[in-house]
J.: 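This is the structure I have questions about; it appears just below.
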Amino acid sequence: MALSWNEIKDRALNFSKEWADTSNEEADAKPFLVEFFNVFGISSKRVSTFEHRVKKLDDKDGYIDLLWKGTILIEMKSRGKNLDKAYQQAIDYTHGLKQHELPKYILISDFENFRLYDLDEDKTVEFKLNDLVNNVQHFGYILGYQKKVYKEQDPANIKAAELMGKLHDRLEEIGYTGHPLEVYLVRILFLLFAEDTTIFNKQQFQDYLEQRTAEDGSDLASKLQELFQVLNTPKENRFKNLDEQLADFPYVNGKLFEENLPTASFDTKMRQALLDCCYIDWSKISPAIFGSMFQSVMNPKERRNLGAHYTSETNILKLIKPLFLDDLWKEFESIKDAASSAAQAKNRLAEFHKKLSTLKFLDPACGCGNFLVITYRELRLLELEILRASNKTGQRVFDVREIIYLDVDMMYGIEYEEFPARIAEVAMWLIDHQMNMQISNEFGQYFVRLPLKKSAKIVHGNALQTDWETVVPKNELSFILGNPPFIGKHLQNQAQKDDMNFVFENHKVSNLLDYVTAWYYKAAHYIHGSKTKVAFVSTNSITQGEQAGALWNLLFEKFKIKIHFAHRTFSWSNEAKGNAAVHCVIVGFANYDIKEKLIFEYENIKAEPYEIKATNISPYLIEGKDFALNSRTKPISSVPELNFGNMANDGGGLILQSEQDFNDYIVREPNGKKFIKPFVGSVELINNIKRYCFWLVNVAPNEIKSLPILLSRIDETRNFRSSSTRVATNKLADFPTLFGEIRQKEGNILVIPRVSSENRKYVPIAFFDYNTIINDRCTFMNEATLYQFGIMTSSMHMSWLKTVCGRLKSDYNYSNNIVYNNFPWPENPSEKQTKAIETAAQKVLDARLQFPNSSLADLYDPLTMPPTLVKAHNELDKAVDLAYRPQAFTSEANRMVFLFELYEKYTADLFTKEKPRNPRSPKSLTS
């Protein structure tokens, strides 16, 4: 049993008094150091070696007074000797040590003066013997009490995972696989943490391996089996003649070592691999981070990008703080501030403490438990502050166990795979122990929960097929949180599609939605009629485009859900190499309303969020009402319909992919040039890239037959269509000279790229005539007008687009059915307003013409957009704004509130009143 700090300080005082008057003649390093370690309750038997021999750089032998391998090197000198020289001597000794033997600390002393060097932190502490009592905390590392700051991409985490990966691979190679391997590795993980974090004695597991197992590894498996059995047996029930080192291990319980596993087999390299794991300081490893890394070790593909698969602590805090943590801290602070007397403060803090202990949390896609670990840690930190405040009011602590109310059984999880589920259980015990060490530091009493009596309830199963009431009754549950899997609707396998149909009860919307939405629906169903709050991290697709209406309108109508807080789109990533960022949102919701709601906005996806108060949050995560746009086949305003571009569906037979292909063809077959037209999609439109196609509408057969190269390409098209598995494509084989779908008519066409960068203030749109063929990466309006161009390239339309469109990563994905057909055009603008828009629109086109060699990408790049074009757009924005209302729009949010109100008006009147008119434009256009 480890000593409390108070006991250590008492021993330090006695030690100082005993050695204070020792003369140089009487001073002996070994008894001095034996008693020094006894101050901290560490037996000299556990200190590796006195007078450890080592080869110095000059190949001569040196002798270290004390070496605790991997922990501390101590060099003693006679009183008054130069400590700087002693330190240099100690440094020289380290060159002869093996990597795992290198110390983290060096202590130099002349029996009177102490100088402690922290080699990791490059810090030095110096004090006198009689002041040891006030410096014992600097030696907490030998007890596992040291405070650690966990870095999300700390090399220690990655190295630990890689070493565990080597051990995993070797065991798998010899045939030790499946469930036994997973449990075996989780047990070893616990042992490694335990010996570096005071659950066991320092390096107790390492010492057992080094001193009780053969170097060739032949008996290692049996020795581990024996250890597992001992750890699962209460001390009073163990054999009386048990090996001394085994008997010294504590009883763990918690069912971690209960299952009888098949005996593994080890060799020399495997034993060394396990020892290499021991040589890492596991007190530096974060249970919240390591679990996911450890899991990724099991998958060779994921291992190449080790570190990419954990959820960073920063992102977890973005969810838990507004979900519950901020409110709990506010309540705690208000209790402290409002109490009029010590007695009142004590009573109110006790009530708050009790309330904290009754909270229960569920992560229904918990993985390795990251969210649960960080949640529990933050709650324990708050509990610590409660205890500090309570002690200030005069409450005396007789036994720290009596005042710690929070335990890991307040945490619940569901995980599809068994291995991460078991890691999550262990991670909860480990974070609990780390927090207990903080309590020990605070109150001077060693506090460890052994044997393990409680555990987090982590259910191994399919969360979407599991009744969550069987995991934790909803009338007991406080919060649901987590990071459900991101799988797009087109990437779902059959089992996942079955899950979607099961959760959504075969509702038609299940075919439109990403996999993550099933957790939203199931959570909304589960919390119906309760005060449980929910927050999930999701891809931003659930708040955009078609999915927003399909999901949220259902949740609003069926379960009366209210969104309480939201983080708008941000980049969910870490520093691992090759780790692609995911564009995510966080949505917090419940089955009841609150007055003050919060939106966390980002200036860009990698920026820090800033907080905006809202009276209501719409599915687009802006101030707005509880509805989202549904897909429409016709515009709500009286305007022309948009069409998708022409689809070749030709296998490349009718397309010339570049200007070089065009030139090569006309050299070989010049008579075919007249059948070639420019071919424009979103990339070509924006970047002024040249592509071409064969356009053979109404071309005589004899002309085609006179062009053998073209005829060959037509044959390629026919063969491509004939070999398709789609019946509709097969039928197109009868028309190999034509595009699969032709939608273009004669006259001017206004072309909008379906995908474009979010970095531009305006989506670049442009006029073309009939001789340019628009492909299906664009959408277009036949016989378009200046007025329509002006509205669609205005800030009003851009604000609407940015808010409601779907996204490809962060790029805008322009949709006819969501963006255009739902867009509320100005309501019956006057002739003057119409003319003003037309004039301003023409100025935008004229400004573009001043830069004939610049692409639309150049013209609309925020850094290179010409001032004349900026001014022209500003004038157009003013003209369009005035067509909507005389008052200026002060912000994008202001525009969206207005547009959604107008949308509601138009859709309410859709079947009873005439649609807003579409003003006639001038007949001639300049493009």
Side-chain angles (χ1 to χ4, degrees), residues 30 33-34 37 40-55 63-74 93-94 96-105 141-144 156 159-160 162-164 166-168 170-171 184-185 187-231 242-250 252 257 263-285:
K30 186 171 181 178
L33 292 175
V34 168
F37 277 97
F40 300 95
I42 296 174
S43 167
S44 59
K45 292 180 182 179
R46 294 196 52 237
V47 176
S48 297
T49 51
F50 290 96
E51 298 184 358
H52 180 85
R53 189 170 71 177
V54 64
K55 285 286 183 185
Y63 292 88
I64 301 171
D65 286 329
L66 181 142
L67 176 67
W68 188 348
K69 294 176 183 178
T71 301
I72 189 169
L73 181 158
I74 301 180
Y93 287 154
T94 63
L97 298 175
K98 295 177 182 178
Q99 182 67 32
H100 73 271
E101 295 175 334
L102 291 173
K104 296 176 178 61
Y105 295 83
Y141 62 92
I142 63 177
L143 301 171
K159 184 179 179 183
E162 287 173 338
L163 288 173
M164 289 295 287
K166 289 179 181 178
L167 185 61
H168 162 270
R170 195 70 190 95
L171 285 166
Y184 208 85
L185 288 173
R187 287 180 179 180
I188 288 173
L189 173 64
F190 178 85
L191 296 174
L192 294 168
F193 267 100
E195 70 168 356
D196 282 338
T197 57
T198 78
I199 297 176
F200 298 166
N201 290 328
K202 186 80 172 168
Q203 296 182 359
Q204 188 174 3
F205 179 50
Q206 177 184 327
D207 290 346
Y208 176 70
L209 296 178
E210 289 181 330
Q211 298 168 21
R212 291 293 190 269
T213 66
E215 287 190 11
D216 63 3
S218 57
D219 63 348
L220 178 54
S222 61
K223 293 291 186 181
L224 286 174
Q225 289 292 91
E226 195 174 359
L227 175 59
F228 294 163
Q229 182 178 331
V230 165
L231 293 170
L242 195 63
D243 175 273
E244 181 183 351
Q245 271 189 294
L246 274 175
D248 200 31
F249 280 95
V252 173
F257 297 96
T263 302
S265 177
F266 286 80
D267 55 27
T268 304
K269 288 185 177 179
M270 294 171 71
R271 178 179 180 270
Q272 188 58 50
L274 181 53
L275 283 171
D276 287 341
C277 292
C278 293
Y279 298 151
I280 284 180
D281 183 358
W282 287 80
S283 70
K284 290 184 177 179
I285 310 299

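All residue numbers in this chain count up from 1 along the given sequence.
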J.: Side chains of L224 and Y184: closer than 4.5 Å at any heavy-atom pair?
T.: yes

J.: Is there a side-chain contact between H52 and Y63 in this structure, where contact means two heavy atoms from C-beta onward sitting under 4.5 Å apart?
T.: no

J.: Is any side-chain heavy atom of L209 less than 4.5 Å from a side-chain heavy atom of C278?
T.: yes

J.: So, do D207 and E210 sit near enough that their side-chain heavy atoms are less than 4.5 Å apart?
T.: yes

J.: Apply the test salt bridge (charged side-chain N to carboxylate O under 4.0 Å, His left out) to residues D276 and K166: give CA-CA distance (whole Å), side-chain angles for both, the deciding distance (0.1 Å), then the verdict.
T.: CA-CA 10 Å; D276 287 341; K166 289 179 181 178; over 6 Å; no

J.: Taking side chain as C-beta onward, heavy atoms only, is F266 less than 4.5 Å from L171?
T.: yes

J.: Given side chains that start at C-beta, do those of K223 and Y208 come closer than 4.5 Å, heavy atoms only?
T.: yes

J.: Spell out, as yes or no, whether a donor-acceptor pair under 3.5 Å connects the side chain of Q203 to the backbone of E195.
T.: no

J.: Output the distance between atom CZ (R53) and atom CG (L67), rounded to the nearest 0.5 Å.
T.: 14.0 Å

J.: Looking at residues at least two apart in the chain, or sitting in another chain, which of them share a side chain to side chain contact (heavy atoms under 4.5 Å, CB included) with A214?
T.: D216, S218, D219

J.: So does Q229 have more than 12 non-hydrogen atoms from other groups sitting under 6.0 Å from CD?
T.: no

J.: Could you grab the distance from atom OG of S265 to atom CZ of R170, nearest 0.5 Å is fine?
T.: 8.5 Å

J.: Looking only at heavy atoms, what is the nearest atom pair of A264 and A221, with distance?
T.: O-CB, 3.0 Å

J.: Given side chain to side chain contact (heavy atoms under 4.5 Å, CB included), test D281 with T71 step by step and report yes or no.
T.: CA-CA 9 Å; D281 183 358; T71 301; over 6 Å; no

J.: When you look at K69 and L102, which way does the side chain to side chain contact (heavy atoms under 4.5 Å, CB included) test go after all the steps?
T.: CA-CA 7 Å; K69 294 176 183 178; L102 291 173; over 6 Å; no

J.: For the CG atom of L163 and the CG atom of L275, what is their distance to the nearest 0.5 Å?
T.: 11.5 Å

J.: Of the non-hydrogen atoms in A273 and L167, which two are nearest, and what is the gap between them?
T.: CB-CD1, 4.4 Å

J.: Is any side-chain heavy atom of V54 closer than 4.5 Å to a side-chain heavy atom of T94?
T.: no

J.: Between P103 and L97, what is the shortest heavy-atom contact and its length?
T.: CD-CD1, 4.0 Å

J.: How many angstroms lie between atom CG of D243 and atom CD of Q211, to the nearest 0.5 angstrom?
T.: 10.0 Å

J.: Roughly how far apart are L246 CG and E226 CD, rounded to 0.5 Å?
T.: 5.0 Å

J.: Look only at the side chain of K104 and the backbone of I72, and say whether a donor-acceptor pair between them is shorter than 3.5 Å.
T.: no

J.: Determine, stepwise, if the pair L66 / F37 fulfils side chain to side chain contact (heavy atoms under 4.5 Å, CB included).
T.: CA-CA 11 Å; L66 181 142; F37 277 97; 3.7 Å; yes

J.: Check whether the ring centres of F193 and F200 lie less than 6.0 Å apart, and answer yes or no.
T.: no

J.: Give, for atom CG of L73 and atom CD1 of I64, the distance between the pair rounded to the nearest 0.5 Å.
T.: 4.5 Å

J.: Are side-chain N/O atoms of T268 and E215 paired as donor and acceptor at under 3.5 Å?
T.: no

J.: Above 12 or not: heavy atoms from other molecules or residues under 6.0 Å from NZ of K55?
T.: yes

J.: Evaluate the criterion ring-ring contact (aromatic ring centres under 6.0 Å, His included) for residue pair F249 and F228; output intermediate values, then yes/no.
T.: CA-CA 10 Å; F249 280 95; F228 294 163; over 10 Å; no

J.: Evaluate the side chain to side chain contact (heavy atoms under 4.5 Å, CB included) criterion for residues L192 and M164: first the C-alpha distance (whole Å), next the side-chain angles of each, then the deciding distance (0.1 Å), finally the verdict.
T.: CA-CA 11 Å; L192 294 168; M164 289 295 287; 3.8 Å; yes

J.: Measure the shortest side-chain to side-chain distance between M270 and L220 over non-hydrogen atoms and say whether it is less than 4.5 angstrom.
T.: no

